[in-house]
Amino acid sequence: MPSVLFVCTGNLCRSAMAEAIARAAHGGPDVRFASAGTWASAGQPAPPEAMTAAADVGGDLTAHSSQPVTASLLARADFVYAMTRRHLREIARLAPDHAGKVELLDPAGAEIDDPYGRPLAEYRRCRTLIAAALDARAGEWLATR
């Protein structure tokens, strides 16, 4: 069963939305999704705007609880997708043995900016980018089922 980990900064918006949307659009009993943040505090809920943006496409963040990325989480993941190049560098510094399996979520190499603290429209724009990247990447983990 493949395990997919999404990483952003605070694990409140981007990676949380990616996890929820992936679960809704591409999930099933034979794939695991998780998310974490490079600077996350454990136990924080997603902001209401992230909940709304994810819910627009079937993602559920009501039970989301942020967590920091750890070497253990990275070791358990078959696929790790980060939102920015900064996240790639931070993961490489944290767990160099796992840096080779970390890629940007957008397969074209575009970074996905943080909508935190911005209007709902920015969360929705971010969600649209995340959903498109997930659709493009899904074949990678679905092929390993």
Side-chain angles (χ1 to χ4, degrees), residues 1-95 98-99 101-107 110-145:
M1 170 182 346
S3 177
V4 182
L5 177 65
F6 302 102
V7 179
C8 70
T9 305
N11 189 216
L12 298 174
C13 304
R14 294 169 289 177
S15 61
M17 286 194 293
E19 177 186 2
I21 295 165
R23 188 171 285 120
H26 304 288
D30 52 352
V31 62
R32 287 186 305 247
F33 297 105
S35 62
T38 58
W39 290 92
S41 297
Q44 301 299 309
E49 297 87 353
M51 289 184 189
T52 299
D56 288 347
V57 294
D60 183 3
L61 285 172
T62 56
H64 177 73
S65 181
S66 64
Q67 65 177 340
V69 68
T70 63
S72 176
L73 277 174
L74 292 164
R76 291 193 306 264
D78 299 302
F79 301 91
V80 182
Y81 300 112
M83 302 298 153
T84 68
R85 286 173 188 78
R86 179 177 171 209
H87 300 132
L88 295 175
R89 289 188 302 272
E90 290 173 359
I91 291 168
R93 188 171 39 251
L94 170 70
H98 302 293
K101 66 179 170 183
V102 185
E103 300 181 67
L104 289 176
L105 177 59
D106 184 327
E111 295 186 340
I112 299 176
D113 292 330
D114 193 354
Y116 187 78
R118 295 184 175 157
L120 178 58
E122 286 299 309
Y123 284 80
R124 287 183 165 139
R125 185 190 65 75
C126 181
R127 183 241 16 247
T128 299
L129 296 172
I130 289 169
L134 289 170
D135 288 345
R137 290 278 191 192
E140 296 171 10
W141 68 78
L142 294 175
T144 63
R145 286 185 183 185

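- Ring pair His26/Trp141 is perpendicular by interplanar angle, where above 60° counts as perpendicular and below 30° as parallel.
- Scanning both residues, Ala50 and Leu61, for their nearest heavy atoms gives O-CD1, 3.5 Å.
- In this structure a side-chain-to-backbone donor-acceptor pair under 3.5 Å is missing from Arg76 to Ser3.
- His98 has its side chain out of reach of Ile91: every pair of non-hydrogen atoms, C-beta onward, lies at least 4.5 Å apart.
- Between Ile112 and Cys126, the closest side-chain pair of non-hydrogen atoms falls below 4.5 Å.
- The backbone N or O of Met1 lies less than 3.5 Å from no partner atom in the side chain of Asp30, so there is not a single donor-acceptor pair.
- Although no hydrogens or angles enter the test, the distance criterion places no donor-acceptor pair under 3.5 Å between the side chain of His87 and the main chain of Tyr81.
- Residues Ser15 and Cys8 come closest through the heavy atom pair OG-SG, 3.0 Å.
- The number of heavy atoms from other shown groups lying within 6.0 Å of OH (Tyr116) does not exceed 12.
- A 4.5 Å side-chain heavy-atom check between Leu105 and Met83 finds at least one atom pair inside the cut-off.
- Between the side chains of Arg124 and Thr128, no donor-acceptor pair of N or O atoms lies under 3.5 Å.
- Remark: the backbone N or O of Gln67 is paired with a side-chain donor or acceptor of Asn11 at under 3.5 angstrom.
- In this structure the side chain of Glu103 reaches within 4.5 angstrom of the side chain of Arg137, judged on heavy atoms.
- Side chains of Val7 and Val102 form no contact here, defined as non-hydrogen atoms less than 4.5 Å apart.
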| query | Between Ser35 and Arg14, is a side-chain hydrogen bond (donor to acceptor under 3.5 Å, both in side chains) present by the stated rule, with each step listed? | reply | CA-CA 9 Å; Ser35 62; Arg14 294 169 289 177; over 6 Å; no
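- Closest non-hydrogen pair, Glu49 versus Arg118, comes out as CG-O, 4.5 Å.
- Among all heavy-atom pairs drawn from Gly10 and Ala40, the shortest one is O-CB, 3.4 Å.
- Contact of the Phe33 side chain with the Leu134 side chain is not registered, since no non-hydrogen atoms from C-beta on lie closer than 4.5 Å.
- The shortest non-hydrogen separation linking Trp39 to Glu90 is NE1-OE2, 3.3 Å.
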